[in-house]
There are 2 protein chains.
Amino acid sequence: MSTIHDVAARAGVSAATVSRHLRGHRVRTAVAIQEAIDALGYRPSIAAQSLKSGRTRTIGVVVPDITNPYFAAVVKGMESASRDRGYRILLANSDESSEREDDVLTDMIHQVDGVILAPATEQDETPLHVRDAGMPLVFVDRDLAGGEHFDAVLVNNREGGRQAASHLLSLGHTRIAAISGQQETTPGRHRREGFVEALADGGLELLPEFDLTGDFREESGYQLTLQLLSSAEPPTALFTANNLMTVGALKALHDMRVGIPDQVSIIGFDDLDTGPLLNPPLTVIDRPMVEQGVLAMRLLLQRLGQGDDRGGGSRRITLDTKLVRRGSTGVPRR
Amino acid sequence: MSTIHDVAARAGVSAATVSRHLRGHRVRTAVAIQEAIDALGYRPSIAAQSLKSGRTRTIGVVVPDITNPYFAAVVKGMESASRDRGYRILLANSDESSEREDDVLTDMIHQVDGVILAPATEQDETPLHVRDAGMPLVFVDRDLAGGEHFDAVLVNNREGGRQAASHLLSLGHTRIAAISGQQETTPGRHRREGFVEALADGGLELLPEFDLTGDFREESGYQLTLQLLSSAEPPTALFTANNLMTVGALKALHDMRVGIPDQVSIIGFDDLDTGPLLNPPLTVIDRPMVEQGVLAMRLLLQRLGQGDDRGGGSRRITLDTKLVRRGSTGVPRR
DNA sequence: TCGTTCTCTGACAACGGTTTCAGCGACGAA
DNA sequence: TTCGTCGCTGAAACCGTTGTCAGAGAACGA
């Protein structure tokens, strides 16, 4: 592993001159230096550069679960957007746990120039510390309570919930259930609130026994759906607030041999790769995924480019959701 | 951001003593030092540590596509296994491209203590450079031509291909097609070879027009399936060599209103989260996913622990595949 | 010819840790 | 009392890079 001094020696100049050449300054011995660099296969030590400059050209990315296709797509967007600008990604899973999120954040904070985070809960304290440390921070997918002062790339979850409810109402459903995500997360809360609001607009109330809360994981979707089906008079329509819980719900409906949409209509939040192939094809509220990652990364890199993170208040981008009508929702049976 | 000198000053000792305390040495002023550390919220600078020690406690992970559920699961396994041992993950997508893989590898090589890689092709040169640089390297999912001297965690792809063919043969199919992955990748080649072998054992040949090669992406599965369906006498059974191409094939069959398994049976490689929910449920060759990631990371960290990467030759782990019979395969129609 | 400016240069001091080295005090043995 | 040993300590060097600083020539105008 050759150093800048090896290059300098070979080119017959000082290390300072090599450094200047690398930073793009005009240098008389440029050709000789470049030759030496190529010959030695020299690459600057990131550690030394970081130590000196205080920058790492690395971005910390913390998501609740990388196996969730939504987050996988978001991370992919971030990765390509960051690489385009010469930044790398340090990835961590929080596993939907605030404690673990706290751990990984404090662990990575000295190693990155900025952080993109999908917080496990709205009440997280750690992100505040991150910002206190003067480190740019962008939220993606999820927000923090009182997070208006932070940059964020979100979707209009409330409107998405509303679209789901309106769709079910328009089909004539009256016994409607919802399996929401953690109410301590922005998407969990907003999707449910929008859903409830639109039902109310239609003169309908979300009955307590149909108002269930899961944890954005497949298993909770499965269990809560079983619970719904076991009630004396089950719902005729179901809204599941994210892709994994939708899969769980579908498995439960499948296992209990419940006809979709004849006996129960189901609408999910977030599309699945196999959404159109399911039996029947899945109706969902869809939203941009890779794009959210790209936007979040661009926002962050922009902050870094400005050299200062107090550049004119917080920038918050909210994208729209879209109803994708397929076969899993229909009119309620008589 | 406080430094070790701040801590030293506050505790009334020298920086060296603080460093010793942190490394676990016995020190008289341990209490005072710990107090100062807590009070200042001191955390050592990774950059400085790396510069001095030459280790970063970071592992580079390069996969072709993080949105492939298989790789997402593998990465999740790696992430949790590495965090348990105090290591972090630098993630990069190669996008199934050797050039990009080369770029990200040379970019990250000075920043990590080891690399886990799913190479884009078997002929990649870069991994050799990685190893020449004395950096531990573990392959996962895919191998390199002549890669016997590298550590690897793989599955028995040949046997998986064989299982798929045997299953189709046992159902009585004779017009059998395969959509394989890049033949320049280990899984692409071995799955096809195993498939062809087992067909031969059954006295059957894979006809040239039924022997197609895609690129492990959804779009190629879609296009090649359309091509198969347009032939004068289409196959009655189809093997798709990875999850994304399976999805593509299913979409093509769906769009062309081809009955599964009545008109065409289909068996995929790698299960889908929604596999059991598809219409009909998907028959697949399944394999461990998260576990592969965990094993690969453990292998790598073991090398690092030994301090030397010539510890007794290469270690190669091969896991078994498993046939999961569901509804998408059946007897050929008359 | 002599200043003055301009461009480029090398020496040197950081950045924040770890490690080596020599030294110091306390203690036990002779 | 003296000497050696033991356990702990601080000063200093070092890891590889970048920024500062003063200075060396060259170019230029007077």
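Here is how names work: the chains are called A, B, and so on, in the same order as the sequence lines, proteins then strands, and each is numbered from 1.
Under the rule for a salt bridge (charged side-chain N to carboxylate O under 4.0 Å, His left out), the partners of B/Asp151 that lie at least two apart in sequence or sit in another chain are B/Arg303. For A/Asp124, the side chain to side chain donor-acceptor pair (under 3.5 Å) criterion is met by A/Ser98, A/Thr121, not counting sequence neighbours. The salt bridge (charged side-chain N to carboxylate O under 4.0 Å, His left out) search around A/Arg83 returns A/Glu79, B/Asp107, not counting sequence neighbours. By the salt bridge (charged side-chain N to carboxylate O under 4.0 Å, His left out) test, B/Asp95 pairs with no residue at all, sequence neighbours left out. Residues satisfying the side chain to side chain donor-acceptor pair (under 3.5 Å) criterion with A/Thr106, sequence neighbours excluded, are absent altogether. Applying the salt bridge (charged side-chain N to carboxylate O under 4.0 Å, His left out) rule to B/Asp113 yields no partners; only residues at least two apart in sequence or on another chain are considered.
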Residue pair A/Arg88, A/Ile59: steps toward the side-chain contact (heavy atoms from CB on, under 4.5 Å) verdict: CA-CA 6 Å; A/Arg88 304 161 200 90; A/Ile59 304 297; over 6 Å; no
Chi angles and distances behind the side-chain contact (heavy atoms from CB on, under 4.5 Å) call for A/Val13, A/Val7: CA-CA 9 Å; A/Val13 297; A/Val7 175; over 6 Å; no
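Residues from residues 20-39 of chain B with heavy atoms under 4.0 angstrom of DNA chain C, sorted by number: B/Arg20, B/Arg23.
Each end of the helix from C/dT1-D/dA30 to C/dA30-D/dT1 gets its own axis, taken as the rotation carrying the C1' atoms of four end pairs onto the next four within a five-pair window, and the two axes meet at 60° to the nearest 10 degrees.
Mapped onto DNA chain C by nearest heavy atom, B/Val18 and A/Gly12 fall at different nucleotides, with A/Gly12 at the one closer to the 5' end. The nearest heavy atom of DNA chain D to A/Ala47 and to B/Val13 marks one nucleotide each, and the one closer to the 5' end goes with B/Val13.
Between A/Ile37 and A/Arg10, every side-chain heavy-atom pair lies at or beyond the 4.5 Å cut-off.
Scanning DNA chain D 5' to 3' for nucleotides with an atom closer than 4.0 angstrom to a non-hydrogen atom of chain B gives a first and last hit of D/dC8 to D/dG16. Mapping heavy-atom proximity under 4.0 Å, the span of DNA chain C touched by chain A runs 5' to 3' from C/dC8 to C/dG16.
Residue pairs meeting the ring pair (Phe, Tyr, Trp, His ring centres under 6.0 Å) criterion with at least one partner in residues 133-154 of chain A, sequence neighbours excluded, are A/Phe139-A/Phe150. Residue pairs meeting the side-chain hydrogen bond (donor to acceptor under 3.5 Å, both in side chains) criterion with at least one partner in residues 25-34 of chain B, sequence neighbours excluded, are B/His21-B/Gln34, B/Gln34-B/Asp38.
B/Tyr87 and B/Thr58 get closest at one heavy-atom pair: CD2-N, 3.9 Å.
When heavy atoms are screened at a 4.0 angstrom cut-off, A/Ser53 is found touching no nucleic acid atom at all.
Inspection of the B/Arg315 and B/Gln302 side chains reveals an N or O donor paired with an N or O acceptor under 3.5 Å.
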